[in-house]
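To keep things clear, I will list the structure first and then write my remarks on it.
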Amino acid sequence: MEKTIEDPPTSAVLLDHCHFSQVIFNSVEKFYIPGGDVTCRYTFTQNFIPRQKDWIGIFRVGWKTVREYYTFMWVTLPIDLNNKSAKQQEVQFKAYYLPKDDEYYQFCYVDQDGVVRGASIPFQFRPENEEDILVVTTQGEVEEIEQHNKELCKENQELKDSCVSLQKQNSDMQAELQKKQEELETLQSINKKLELKVKEQKDYWETELLQLKEQNQKMSSENEKMGIRVDQLQAQLSTQEKEMEKLVQGDQDKTEQLEHLKKENGHLFLSLTEQRKDQKKLEQTVEEMKQNETTTMKKQQELMDENFDLSRRLSEKKMIYNALQREKERLEGENDLLKRENSRLLSYMGLDFNSLPYQVPTSDEGGAGQNPGLVYGNPYSGKTTFPFQLEGPSDDICDHTLEQQQMQALCLNCPICDKIFPATEKQIFEDHVFCHSL
């Protein structure tokens with residue numbers, strides 16, 4: 001069956017479900033001569049309303065469903081259905097799309113729902129022959145006619161052979177044309193898909209470009225804010241440096257004993273293993289300072305006030321030192337327990353503690369294990385600088401609070417049992433957490 005580019009709407013409706021009387025076909029011939037266009041005339045009944053996707057197809061007699069059409073033409077909708085002339089319609093089938101055999105066919109009107117609304121009487125596509133003509137002649141004329149008829153039959157046979165060859169060529173050309181049309185449709189669909197993909201990709205790139213521009217603007221504004229903030233911090237840093245220089249300049253007038261005390265206090269947090277010795281030296285220094293203080297009281301009244309403040313701050317530093325010493329001893333005990341537990345787990349897992357890629361640094365390593373990211377160094381790694389100034393009680397309180405915050409930041413909390421580990425014992429902390437998962 002031959003089809004146009006756009007297939008009509010069809011369905012699997014059988015004959016007994018159709019309404020053939022709603023569209024009437026007029027002036028249908030018994031046969032149509034091949035090679036010529038065929039005009040199909042039809043009339044709408046009073047209660048029938050045509051729709052846009054209605055069509056008229058040529059079906060071979062004996063069809064079962066509307067999908068078995070040979071060819072079809074779309075119905076032209078009338079402008080005014082109430083007009084009498086609008087009821088009379090016609091469509092023209094081109095000779096190229098008509099059947100080439102002599103089977104019986106009929107016109108069928110199919111609406112857009114695939115339901116047949118009318119059917120014509122059967123007809124054929126064949127040339128006119130002698131059976132359809134009644135001629136009265138004499139005997140001589142009959143003989144001449146028979147002779148002429150034989151010649152015509154012979155010529156007709158030659159024409160039929162030529163017609164069969166031409167029909168074969170025509171069918172081949174039609175098949176090739178159909179193939180080319182299918183290839184054209186395929187290429188058109190591929191072209192549409194590629195155009196859609198190109199458009200979608202272009203839209204995506206434009207959207208992404210806009211997002212990048214917005215991000216660039218945000219980053220520029222943030223960079224400007226960060227630059228302003230850096231300038232402010234640099235100004236504050238320079239101010240603090242100037243104040244520090246002033247304080248250092250003021251400290252240069254102090255006695256050698258005070259300088260020795262600052263050095264001892266500066267080295268107090270550098271090594272936990274030397275803290276007891278430093279404590280004894282600090283006490284001796286404090287005694288010497290007290291003796292020097294009583295001696296210099298008569299000479300300078302101002303130094304007496306400073307030495308009084310210094311003694312009070314020294315007492316507080318001792319308390320801090322004692323608290324840190326006790327914390328150190330507690331952490332060392334916990335560290336020993338964790339090491340034993342780690343060794344037990346490693347022996348259970350068949351590993352050697354000394355073969356591990358990471359070992360906890362000991363206190364003998366000094367400042368080599370300090371975290372470069374900490375402001376005042378790691379208080380558990382050895383020697384460090386104590387963050388305070390010997391100028392007043394308010395500075396000492398702030399420094400003590402800052403030290404507590406740094407100590408909390410240098411600890412690792414177990415999320416399961418809330419046990420606390422120093423930041424330098426990260427491997428022990430990870431092994432402890434791993435033990436919970438066993």
When you compare the side chain of [Y] with that of [X], does any pair of heavy atoms fall below 4.5 Å?
X      : Y      : result
Tyr42  : Arg117 : no
His436 : Cys414 : yes
Tyr70  : Arg60  : no
Phe434 : Leu345 : no
Leu282 : Leu314 : yes
Ile56  : Gln89  : no
Phe72  : Val110 : no
Tyr321 : Lys317 : no

Tell me whether the count of non-hydrogen atoms from other residues, nucleotides or ligands lying under 6.0 Å of [atom1] in [X] goes above 12.
X      : atom1 : answer
Gln46  : CD    : no
Ile49  : CD1   : no
Tyr104 : OH    : no
Gln52  : CD    : no

Out of Asn335, Asn342, Leu337, which one pairs with Lys339 under the side-chain contact (heavy atoms from CB on, under 4.5 Å) rule? Asn335
Any donor-acceptor N/O pair, [X] side chain to [Y] backbone, under 3.5 Å:
X      : Y      : answer
Asp113 : Val115 : no
Gln92  : Thr39  : no
Asn216 : Leu212 : no
Asn322 : Lys318 : yes
Asn413 : Ile420 : no
Lys100 : Leu98  : yes
Gln174 : Tyr96  : yes

Closest approach of [X] and [Y], non-hydrogen atoms and distance?
X      : Y      : value
Ile58  : Pro99  : CG2-CG, 4.5 Å
Tyr69  : Val66  : CD2-O, 3.3 Å
Asp54  : Pro50  : OD2-CA, 3.5 Å
Gln106 : Ala119 : NE2-CB, 3.9 Å
Thr45  : Gln22  : OG1-O, 2.8 Å
Pro415 : Phe429 : CD-CZ, 4.4 Å

Within this structure, what is the [atom1]-[atom2] distance for the pair [X] and [Y], rounded to the nearest 0.5 Å?
X      : Y      : atom1 : atom2 : answer
Glu245 : Gln249 : CD    : CD    : 9.0 Å
Arg41  : Phe107 : CZ    : CZ    : 10.0 Å
Leu184 : Glu182 : CG    : CD    : 11.0 Å
Trp55  : Cys108 : CH2   : SG    : 8.0 Å
Leu152 : Lys154 : CG    : NZ    : 12.0 Å
Met244 : Leu237 : CE    : CG    : 10.0 Å

Could you walk me through whether Lys199 and Glu195 pass the salt bridge (charged side-chain N to carboxylate O under 4.0 Å, His left out) check? CA-CA 6 Å; Lys199 185 177 179 181; Glu195 289 177 354; over 6 Å; no
Under a 4.0 Å N-O cut-off, is there an ion pair linking [X] with [Y]?
X      : Y      : answer
Asp102 : Arg126 : no
Lys150 : Glu146 : no
Glu176 : Lys180 : no

With sequence neighbours excluded, residues passing side-chain contact (heavy atoms from CB on, under 4.5 Å) with [X]:
X      : result
Glu243 : Thr239
Gln232 : Ile228, Arg229
Leu210 : none
Gln217 : none

Aromatic ring proximity, centroids under 6.0 angstrom, Phe48 and Tyr109: yes
Check step by step if side chain to side chain contact (heavy atoms under 4.5 Å, CB included) holds for Glu200 and Tyr204. CA-CA 6 Å; Glu200 291 176 356; Tyr204 174 74; over 6 Å; no
Please list every donor-acceptor pair under 3.5 Å in which a side-chain atom of residues 158-169 meets a protein atom from a residue at least two apart or in another chain.
residue	atom	partner	partner atom	Å
Asp161	OD1	Gln157	NE2	3.4

Passes side chain to side chain contact (heavy atoms under 4.5 Å, CB included), Gln88 versus Asn26? Steps please. CA-CA 9 Å; Gln88 302 288 335; Asn26 305 321; 3.4 Å; yes
Would you sort out whether Trp74 and Lys53 count as a side chain to side chain contact (heavy atoms under 4.5 Å, CB included), showing the intermediate values? CA-CA 7 Å; Trp74 295 110; Lys53 290 292 185 178; 4.1 Å; yes
Which is it for Val23 and Phe44 under the side chain to side chain contact (heavy atoms under 4.5 Å, CB included) test, yes or no, and what are the steps along the way? CA-CA 5 Å; Val23 178; Phe44 296 126; 4.0 Å; yes
Could you please spell out the steps behind the salt bridge (charged side-chain N to carboxylate O under 4.0 Å, His left out) verdict for Glu316 and Arg312? CA-CA 7 Å; Glu316 292 176 355; Arg312 182 181 54 80; 3.5 Å; yes
Look at the aromatic rings of Trp63 and Phe59 and report parallel, tilted or perpendicular, splitting at 30° and 60°. tilted
Just distance, no hydrogens or angles: give the donor-acceptor pairs under 3.5 Å from side chains in residues 28-38, sequence neighbours left out.
residue	atom	partner	partner atom	Å
Tyr32	OH	Glu29	N	3.2
Asp37	OD1	Ala95	N	2.9

